[in-house]
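Indexing begins at 1, ligand by ligand and atom by atom, following the structure's order. Starting from 1, each residue takes its place in the sequence as its number. Basis for what follows: all heavy atoms, side chains included, without hydrogens, waters or symmetry-related copies.
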Amino acid sequence: MKNNIILEGFMGSGKTSVGIRLSYALKRTMIDTDKWIENRQKMTVSEIFDREGEAAFRQMETKCLEELIRTCDNQIISLGGGLPVREENRRLLSKLGRVFYLKASPEVIYERLKTDTTRPLLQVDDPLKQIRTLLEAREDSYQVCADVVIDVSGRTFDEIIEQIEGDLTKKGGSVK
Ligand code: S3P
């Protein structure tokens, strides 16, 4: 198994923000699967959804994981929010590293994303309802993948980073 630190969770749960801070704290590089796909496709995620559809994007996520398993170790990997839903992806994730689930409440997610236009799945009439529905449908997938669950609602970035560092130290000695 690879020694990557993997951040999973719903859109707006703070994976990218936590990942960037963690990357400074641990001096590890960070990969964001959405950015990885955007670079490869030379399109934004919204453009991919628009032009090729969600199913094509999900296929790209699986390809991305397959390549990361071959090429990526000792890094921080921030996942697109829907990536763990596919069973195949969950299997790949178990080989890729230690998975931290950043768990946020629907209300917190809504507050963070209510003016966001970059998440195609939330461009609907009632985004809060959509968040609740998707979160409920995905919760089991997130939990099954998770080595550690971190409740991020109402916690500062410093507290979250501290918990992750604490877990890594406990698990395998020094994390730096
Ligand atoms: C998605 C989450 C997004 C991005 C795409 C679909 C999802 O990533 O992959 O818009 O299905 O939850 P973030 O979680 O980084 O926003």
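For ligand 1 and Gly80, the ligand atoms under 4.0 Å from any heavy atom of the residue are 8 (O), 9 (O), 14 (O). With ligand atoms numbered from 1 in the order given, ligand 1 contributes 1 (C), 7 (C), 11 (O), 12 (O) to contacts under 4.0 Å with heavy atoms of Gly82. Near Pro120, meaning under 4.0 Å from any of its heavy atoms, are these atoms of ligand 1: 10 (O). If you number the atoms of ligand 1 from 1 as listed, the ones under 4.0 Å from a heavy atom of Phe57 come out as 9 (O).
When only modelled atom types and interatomic distance are considered, Gln130 and Tyr110 share no side-chain donor-acceptor pair under 3.5 Å.
For ligand 1, one of its N or O atoms has an N or O atom of Gly81 under 3.5 Å away. For ligand 1, the polar-atom distance check finds no N/O of Thr118 at less than 3.5 Å from any of the ligand's N/O atoms.
In the displayed structure, Glu162 atom CD is contacted under 6.0 Å by at most 12 heavy atoms of other residues, nucleotides or ligands.
When only non-hydrogen protein atoms are considered, atom 16 (O) of ligand 1 lies nearest to Arg119 NE, 2.7 Å. Looking only at heavy atoms of the protein, atom 5 (C) of ligand 1 is closest to Val45 CG1, 3.7 Å. Asp34 OD1, 2.7 Å is the protein heavy atom nearest to atom 9 (O) of ligand 1.
Using modelled atom types, one side-chain atom of Glu38 and one backbone atom of Val45 make a donor-acceptor pair closer than 3.5 Å. Lys15 contributes a side-chain N or O that, together with a main-chain N or O of Leu79, makes up a donor-acceptor pair within less than 3.5 Å. A distance-only check finds no donor-acceptor pair linking the side chain of Asn3 to the backbone of Asn74 [under 3.5 Å]. A side-chain donor-acceptor contact under 3.5 Å links Asn4 to the backbone of Gln75. Of the possible donor and acceptor atoms, none in the side chain of Asp147 sits under 3.5 Å from a partner among the backbone N and O of Arg98.
In this structure, the separation between OG1 on Thr33 and CG on Leu68 is 8.0 Å, given to the nearest 0.5 Å.
In Lys35, neither the side chain nor the backbone holds a heavy atom less than 4.0 Å from any atom of ligand 1. Contacts of Leu121 with ligand 1, taken as heavy-atom pairs under 4.0 Å, involve the side chain alone.
Distances from atom 6 (C) of ligand 1 to the heavy atoms of Lys15, Glu61, Arg58, Glu54 show the closest one on Arg58.
Under a 4.0 angstrom heavy-atom cut-off, Arg138 registers as being in contact with ligand 1. Using a 4.0 Å cutoff on heavy atoms, Glu38 does not count as a contact of ligand 1.
Salt bridge Arg58/Glu61: present, at least one basic N to carboxylate O contact under 4.0 Å.
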